[in-house]
A.B. asks: 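Dumping the structure here so I can ask a few things about it.
Lettering follows sequence order; numbering is per chain, from 1.
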There are 2 protein chains.
Amino acid sequence: MPAAPSTARRRSRPPLTPAGIVQVALDLAAERGDFSMRALGQKLGADPMAVYRHFADKNALLDAMLDAALADFQPPGPDAADPLAGLRRMSHDFRAALLRHPGMAERVAMNRPATGPHTLELAEATLGKLFRLGLGASDAISGFEALVQFISGFVRAEEPVHARDDGGESAWLAEMQAAYSAVPADRFPHVARMAAQMPEQTLDRQFEYAIDLLLESLARRARK
Amino acid sequence: MPAAPSTARRRSRPPLTPAGIVQVALDLAAERGDFSMRALGQKLGADPMAVYRHFADKNALLDAMLDAALADFQPPGPDAADPLAGLRRMSHDFRAALLRHPGMAERVAMNRPATGPHTLELAEATLGKLFRLGLGASDAISGFEALVQFISGFVRAEEPVHARDDGGESAWLAEMQAAYSAVPADRFPHVARMAAQMPEQTLDRQFEYAIDLLLESLARRARK
DNA sequence: ACCTGAACACCGTTCAAGT
DNA sequence: ACCTGAACACCGTTCAAGT
């Protein structure tokens, strides 16, 4: 006969740990697209208040979730040949990581100081590339802020599009085109013209285009 | 003795109209920084459900509020000499208009088709300047989307900073600098270096810098 | 027919009561 | 000392009941 279960196993569920709570919270956010303390308590099989034993409030938990969400982000090595290509790749990877974890883009955008180790590693790698591009400290930091603000703002905006229960992005594009096609072309000719171009304005393309605008100017300023 | 008050005046408050509701709702959002249907009902001196007689739901009311919020936006004339200066001015004016009406930036970012007259006028004027810059339809539309996404995302992010009940922006800058100063400089040298530059990274400067990056690239693409 | 407000299904967090 | 859950102060919206 096996030994009696340890105290940890005697209870019907394992005891809560901060890391375990964070993991379940990220899973919950990924499943539902949103996240509440009460839903988390239920998924943990515990009282909604049990989490408050490990985190001061929802904000503190979200801070921990953000850093955990960025753990799977792998920055390119600092010595890679082309810093501009590195910045482009990191921008796309950052967007992808935020999209994998709904609600985290809002944390980035809120400009709370985020000093988790994975968050800092991402910032460090991005600043490194900007310096390697040849920018001075002031431009590197302003460029860093511009990229972070754009990426987090973009993901916050696209999250509800992906979460639509009808066709998601394609339904959204169709809706936009229908709306702009109905605009009176004599009063708003440019807007009416925009309607025809709408189907190719996918989120991927919009994101890539804007990132390239930002990076192109940064590269030019570095060259001067 | 004056005539008996009209039916409209006999009641203690004037009857609700869509335009009146929108005005009170914008006032409420400006005062409190946020906005709820229940608080609106109270401010109107009516049942929370009274608004539902004029608007299908909160979304419909917010759509009307956005267009009203953009009514005070004056686009520069289409014939102004320098389209780039026009775009810069419009970007700053758009940000200012959104900041005057908390919560409206979120509506812009959400990419619901916004087809109110003032919203369309803003879009029409912006696209006009981009075409005058020399861009083709595809670039003009992508550039338009990049500007709108950046501006709305930026305002969504800065709103909570301005709404802080301690020093607002200056308290936020101090907090950011303190956090980044505490980072281990051996592991994160670039981030530590960023701390020293933090005080000059005001929201105005961040915004201006990023807008100029976007516009600079757009102007270059137009020239080619 | 029109309007009202009770009720439903939520939310984050406090705090008193229990073990 | 630790944990629980009732309670507080919210939220948007449905729907039955009243005039």
A.B. asks: Write down the distance between CG (A:D47) and P (D:dA6), rounded to a whole number of angstrom.
C.D. replies: 9 Å

A.B. asks: Would you measure the distance from the P atom in C:dA9 across to the matching atom in D:dC10 and give it in whole Å?
C.D. replies: 22 Å

A.B. asks: Starting at CG of B:L16 and ending at P of C:dC3, how long is that distance when rounded to a whole Å?
C.D. replies: 9 Å

A.B. asks: Nearest-Å distance, CG (A:D57) to P (C:dC11)?
C.D. replies: 17 Å

A.B. asks: Without decimals, in angstroms, what is the distance between A:L28 CG and C:dG12 P?
C.D. replies: 11 Å

A.B. asks: Are B:D27 and B:K43 ion-paired here, with the side-chain N under 4.0 Å from a carboxylate O?
C.D. replies: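 B:K43 and B:D27: not salt-bridged.
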
A.B. asks: Which of these nucleotides, C:dG12, D:dC15, C:dT14, is closest to any side-chain atom of A:Y52?
C.D. replies: C:dG12

A.B. asks: Measure from the side chain of A:R53, starting at C-beta and using heavy atoms only, and say which of C:dT13, D:dT13, D:dC3 lies closest.
C.D. replies: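 Closest nucleotide among those given: D:dC3.
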
A.B. asks: Side-chain contact, heavy-atom cut-off 4.5 Å: B:T119 with B:R107?
C.D. replies: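 Answer no - side chains too far apart.
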
A.B. asks: A:R38 CZ to D:dG5 P: how many Å, rounded?
C.D. replies: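 One finds 13 Å between P of D:dG5 and CZ of A:R38, rounded.
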
A.B. asks: Tell which nucleotide pairs with D:dG5, taking only Watson-Crick or G-U wobble pairs whose two distances are both under 3.5 angstrom.
C.D. replies: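 Base-paired to C:dC15.
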
A.B. asks: For B:M37, report the nucleic acid contact type (base, sugar-phosphate, nothing); a contact means any heavy atom under 4.0 Å.
C.D. replies: sugar-phosphate

A.B. asks: Rounded to the nearest Å, what distance is computed from the CD atom of residue B:Q42 to the C1' atom of nucleotide C:dG5?
C.D. replies: 15 Å

A.B. asks: Between B:M104 and B:L62, is there a side-chain heavy-atom distance shorter than 4.5 Å?
C.D. replies: yes

A.B. asks: Heavy-atom count around A:E31 CD within 6.0 Å, excluding the residue itself: above 12?
C.D. replies: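 More than 12 within 6.0 Å, yes.
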
A.B. asks: Going by distance alone, is a donor N or O of one side chain under 3.5 Å from an acceptor N or O of the other, for B:S152 and A:R156?
C.D. replies: no

A.B. asks: P atom, C:dC8 versus D:dG18: distance in rounded Å?
C.D. replies: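 Result for the P pair: 16 Å, nearest Å.
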
A.B. asks: Report the distance from atom CG of A:L61 to atom C1' of C:dT13, rounded to the nearest whole Å.
C.D. replies: 14 Å

A.B. asks: Just compare D:dT13, C:dG12, D:dG12 and give me whichever is closest to any side-chain atom of B:M49.
C.D. replies: D:dT13

A.B. asks: Separation of B:F55 atom CZ from D:dG12 atom P, in whole Å?
C.D. replies: 15 Å

